Amino acid sequence: DGRQASDTFNKILRVLQLGGNNQSMALDDTRALLYVTNQDSPAQSLFQARVFIVDTNPISPTFLQLVGTVTMPVGATVRGVALNRNTNKVYVASGGDGSSPGVHEIDGVTRVATRLNTGGAFEVLVNEAKNVVFALGASGPTGADTRVIAVNVAGGYAVKELLLTNVRTTFSPSYRWAVHEASGRVYVRSNQVSGPGKVVAIDGDPANSASFGTVVGEIPVGRDSGADVDVDQSLHLVVTTSPVDLTTHVVDGNGSTFATTAHSTRQLGEIVINQATHLAYLTGLTEVHRINLSTRAVEGSTVTGAEASI
């Protein structure tokens, strides 16, 4: 329970046994629904993927109960999920074979899934303001390249693809990319351990017809293993961690120069930004660090006594 005024604050309210293997989650806080991608292989040879829908409204009679299931095509290997609260549409990334690979759109009312493109994907990202969906997929025999798929939902579901050569991501990259909604820029964090990493900036605004879906900048950062990236929406500052090099970078996304402020930090991983206070919270092995993005200065840290995750 995350409600501070509740008698059960910071306590587990219920554990849902959904079966199979949960892959990712997305919360529609407008409608109080949680979407969970899940897959299993009961026959040990054929994946059955689903999207479970859980009621998260505390005053609902079905609070924390399963209220819907969307069965995905046979053979699908679902991973990432994201949503557009403005349109009540949910997007699921899928690999697999046959008619299953690609980005699937689920109508929040009918709960029917429609595939939007061909080619496997393992993560999705939505710009709710511009109604554009992005997906990542591995490419090349060793997965050393990354495919970025842009679906302009507002523009008749037009699909555009971009290949990032020698930019490796992982199959759990939800921490590795973020979108600045006003400008449409998408920031993809590479997964480089043997050499310097980078953040690739992509124009994700369909209004920029000439540059939409192209790289507009590459920002050098440190090596990473378990790195994260997040964006302060009003300041347009990009924050990314480089755990291997014990460094955190704050990048100015305004314009084209991408001025960077580097902080020597401990081995930090995940990032969450409070958009109202412009404070970035970064998890370490035994603490949570704070960076004031208004001043770009490290404010301090809170010791947790155990490995933290946010």
Side-chain angles (χ1 to χ4, degrees), residues 80 82 91 93 121-130 132-138 145-152 160-170 172-192 196-208 211-243 245 247-263 268-275 278 280-282 291 293 296:
Y91 299 92
F122 51 78
E123 190 55 72
V124 283
L125 182 69
V126 176
N127 184 332
E128 293 182 293
K130 298 185 182 297
V132 181
V133 179
F134 304 93
L136 290 183
D145 304 328
T146 296
R147 291 169 51 247
V148 181
I149 304 131
V151 182
N152 183 7
K160 186 169 185 176
E161 292 198 14
L162 168 67
L163 182 65
L164 302 180
T165 57
N166 297 317
V167 177
R168 182 189 297 271
T169 56
T170 70
S172 298
S174 57
Y175 300 131
R176 293 186 176 273
W177 65 336
V179 61
H180 181 250
E181 295 210 337
S183 68
R185 283 186 175 176
V186 177
Y187 297 93
V188 181
R189 180 69 157 92
S190 68
N191 179 28
Q192 304 290 132
K198 59 185 174 183
V199 174
V200 180
I202 300 168
D203 187 344
D205 186 355
N208 302 327
S211 58
F212 174 58
T214 64
V215 174
V216 295
E218 293 188 354
I219 308 153
V221 291
R223 295 172 296 167
D224 60 84
S225 176
D228 194 2
V229 61
D230 202 355
V231 177
D232 184 304
Q233 294 294 328
S234 60
L235 298 179
H236 198 173
L237 295 177
V238 183
V239 183
T240 185
T241 50
S242 301
D245 289 340
T247 306
T248 298
H249 296 82
V250 179
V251 181
D252 189 343
N254 298 285
S256 59
T257 58
F258 300 106
T260 302
T261 302
H263 294 288
L268 304 180
E270 299 174 39
I271 305 167
V272 169
I273 296 175
N274 186 322
Q275 300 293 337
H278 307 295
Y281 297 89
L282 306 94
I291 296 178
L293 296 179
R296 306 189 193 184

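Since the structure is predicted, the reported quantities are computational estimates derived from the model, not experimental observations.
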Is Arg147 close to Leu136 at the side-chain level, that is, under 4.5 Å between some pair of heavy atoms?
no
Trp177 CH2 to Leu125 CG distance, which is reported to the nearest 0.5 Å:
5.0 Å
Does any N or O in the side chain of Ser183 come within less than 3.5 Å of the main-chain N or O of Arg185, such that one atom is a donor and the other an acceptor?
yes
Give the C-alpha distance, both sets of side-chain angles, the deciding distance and a yes or no for side chain to side chain contact (heavy atoms under 4.5 Å, CB included) between Thr165 and Leu163.
CA-CA 6 Å; Thr165 57; Leu163 182 65; 4.0 Å; yes
Determine whether a donor-acceptor pair (N or O, by modelled atom type, separation under 3.5 Å) exists between the side chain of Gln233 and the backbone of Glu181.
yes
Evaluate side chain to side chain donor-acceptor pair (under 3.5 Å) for Arg296 paired with Thr260, printing each intermediate quantity in order.
CA-CA 10 Å; Arg296 306 189 193 184; Thr260 302; over 6 Å; no
Would you mind reporting whether Val126 and Tyr91 have side-chain heavy atoms less than 4.5 Å apart?
yes
Could you tell me which residues satisfy salt bridge (Lys or Arg N to Asp or Glu O under 4.0 Å) with Asp232, sequence neighbours excluded, listed by chain and number?
none
Heavy-atom side-chain contact between Tyr187 and Val200 under 4.5 Å:
no
Let me see the working for Thr248 and Val239 under side chain to side chain contact (heavy atoms under 4.5 Å, CB included), right down to the final yes or no.
CA-CA 7 Å; Thr248 298; Val239 183; 4.1 Å; yes
Distance in Å, Thr241 OG1 paired with His263 NE2, rounded so as to fall on 0.5 Å steps
13.0 Å
With side chains defined as the heavy atoms from C-beta onward, is the minimum distance between Val229 and Ile271 less than 4.5 Å?
no
Asp205: salt bridge (Lys or Arg N to Asp or Glu O under 4.0 Å) partners, not counting sequence neighbours:
Lys130
State, yes or no, whether a side-chain contact exists between Leu162 and Ile202 at a heavy-atom distance under 4.5 Å.
yes
Which atom of Val124 lies closest to which atom of Ala82, heavy atoms considered
CG2-N, 3.5 Å
With heavy-atom distances below 4.5 Å as the criterion, would you say the side chains of Val199 and Val251 are in contact?
no
Side chain to side chain donor-acceptor pair (under 3.5 Å) filter on Asn152, not counting sequence neighbours, yields none
Check for a donor-acceptor pair, side chain of Asn127 on one end and backbone N or O of Ala182 on the other, with a separation under 3.5 Å.
no
Using the ring of each side chain (for Trp, its six-membered ring), is His180 parallel, tilted or perpendicular to His236, with breaks at 30° and 60°?
parallel
Not counting sequence neighbours, which residues clear side chain to side chain donor-acceptor pair (under 3.5 Å) with His249? List them please.
none
Can you name the side chain to side chain donor-acceptor pair (under 3.5 Å) partners of Thr247, sequence neighbours left out?
none
How close do Phe258 and Ala201 get, counting heavy atoms only, and between which atoms?
CZ-CB, 3.9 Å
Distance-only, no hydrogens or angles: does the Lys160 side chain make a donor-acceptor pair with backbone N or O of Ile149 under 3.5 Å?
no
Hey, does the side chain of Glu270 reach the backbone of Tyr281 with a donor-acceptor pair shorter than 3.5 angstrom?
no
Check side chain to side chain contact (heavy atoms under 4.5 Å, CB included) between Ala280 and all other residues, then give those that pass, not counting sequence neighbours.
Ile273, Leu282, Ile291, Leu293
Measure the shortest side-chain to side-chain distance between Leu164 and Val148 over non-hydrogen atoms and say whether it is less than 4.5 angstrom.
yes
Side chains of Val221 and Arg189: does their closest heavy-atom pair fall under 4.5 Å?
yes
Give me the atom names and distance for the closest heavy-atom approach of Ser190 to Gly197.
OG-CA, 3.5 Å
